[in-house]
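Everything on this sheet refers to the single structure shown next.
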2 protein chains.
Amino acid sequence: MSSPDKVFEALASTTRRKILAYLSEGPLTAGAVAERFDVSQPAISKHLSVLEAADLIWKKRDGQFVNYGMKADNLGGTLAKFMQEVCPPSRALKAERRAENDND
Amino acid sequence: MSSPDKVFEALASTTRRKILAYLSEGPLTAGAVAERFDVSQPAISKHLSVLEAADLIWKKRDGQFVNYGMKADNLGGTLAKFMQEVCPPSRALKAERRAENDND
DNA sequence: TCACCTTTTAACTTATTTGTTATATATTTA
DNA sequence: TAAATATATAACAAATAAGTTAAAAGGTGA
């Protein structure tokens, strides 16, 4: 399981959000990800491990290559839960539901 | 208008996410927010200005107090847009819609 | 005006993040 | 085995973030 803290920390970097956007179109090797950015390969490697620590991506070695791909569940789940906690409209819905249940 | 960059940066801090959760229940003065945390009041003041720079909260002086409150639109909008860009299910829906439009 | 209260800003310290280059580890292929 | 390729790790520098205390700014009311 992964903490929301790690997810939000991972999303704090523009580069990492872009990596997620690339991976959302399909898996890529570490090198293919790095090609798409203007920073060094080791820098991208570190970004990938931050994303992995947040459980936002998976990793699978394939010979000399390492493939990375999105794990959308955790991203969607964490953001959805946060919105529920914090966004007034969903808070209102929750309060409504509570009220209904109290009437039972 | 506020950049997604600033929003995600603002959300990267657990303390700031908790501040948003408090404010989602209603406006509070700077002091009332600070009371709820174990850090100094100036530290909270800085967190509030990060949230304000991200356009996630509003601020209104009332005499010697300063009230802060949530601006849910920008938070919801930024997160929804990001999910649309990155989450495979919504990406699939977008592709579908494109395909439909191509048939017109 | 003066004392007081609330909040922000300044100056500073420490920890973390992000990047770099050089090196190590895995793997394939000649 | 040796050379080449792909990726990760180590060691370091620079920038940023987050906290602290002290002081300033804004506002109230005797």
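Please read these numbers as outputs of a predicted model, since none were measured by experiment. Basis for what follows: all heavy atoms, side chains included, without hydrogens, waters or symmetry-related copies.
Put simply, CG on A/L48 is 16 Å from C1' on C/dT17, counting in whole angstrom units. As rounded to whole Å, 7 Å separates atom C1' of D/dT7 from atom CZ of A/R61. In this structure, A/D5 atom CG and D/dA18 atom C1' are separated by 15 Å, rounded to whole Å. C/dT7 atom C1' lies 13 Å from atom CD of B/E52, rounded to whole Å. B/L11 has its CG atom 17 Å from the C1' atom of D/dA18, to the nearest Å. Computed from coordinates, the B/F65 CZ to D/dG29 P distance equals 10 Å when rounded to whole Å. Atom CG in B/N67 sits roughly 8 Å away from atom P in C/dT7 (whole-Å rounding). Atom P of nucleotide D/dA17 and atom CD of B/E9 are separated by 5 Å, given to the nearest angstrom.
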**Request:** Would you sort out whether B/L20 and A/F82 count as a side chain to side chain contact (heavy atoms under 4.5 Å, CB included), showing the intermediate values?
**Result:** CA-CA 10 Å; B/L20 284 180; A/F82 175 67; 4.2 Å; yes
**Request:** Start with the C-alpha gap between A/F37 and A/Y22, add the side-chain angles, then the distance that decides, and say whether ring pair (Phe, Tyr, Trp, His ring centres under 6.0 Å) holds.
**Result:** CA-CA 11 Å; A/F37 293 89; A/Y22 281 126; 5.8 Å; yes
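Phosphate contact (OP1/OP2 of C/dT7, side-chain N/O of B/K46, threshold under 4.0 Å): absent. Between D/dG19 and B/H47, a contact under 4.0 Å exists linking OP1 or OP2 to a side-chain N or O. An OP1 or OP2 oxygen of D/dA18 is reached within less than 4.0 angstrom by a side-chain nitrogen or oxygen of B/R16. A sub-4.0 Å separation between OP1 or OP2 of D/dG19 and a side-chain N or O of B/S40 is absent. Considering only side-chain N and O atoms, A/T29 lies under 4.0 angstrom from the phosphate OP1 or OP2 of D/dT7.
Looking at the side chain of B/A43, the nearest of the listed nucleotides C/dG19, C/dT21, D/dG19 is D/dG19. Checking C/dT20, D/dG19, C/dT8 against every side-chain atom of B/S45, the shortest atom distance belongs to C/dT8. Side-chain proximity of A/Q41 to the nucleotides C/dG19, C/dT18, D/dA8 is greatest for D/dA8.
Salt bridge absent: B/K6 and B/D55 never bring a charged side-chain N and a carboxylate O closer than 4.0 Å.
Comparing A/G63 and A/V50, the nucleotide of DNA chain C nearest to each residue sits closer to the 5' end for A/V50.
Remark: the A/D5 side chain and the B/T14 side chain contain an N/O donor-acceptor pair separated by less than 3.5 Å.
Residue A/L11 comes nearest to B/F8 through the heavy atom pair O-CB, 3.6 Å, listed as atom of the first residue, atom of the second, then distance.
A donor-acceptor contact under 3.5 angstrom links the side-chain atoms of A/Q64 to the base of D/dT5.
Within 4.0 Å (heavy atoms only), B/Y68 reaches sugar-phosphate atoms of the nucleic acid but no base atom.
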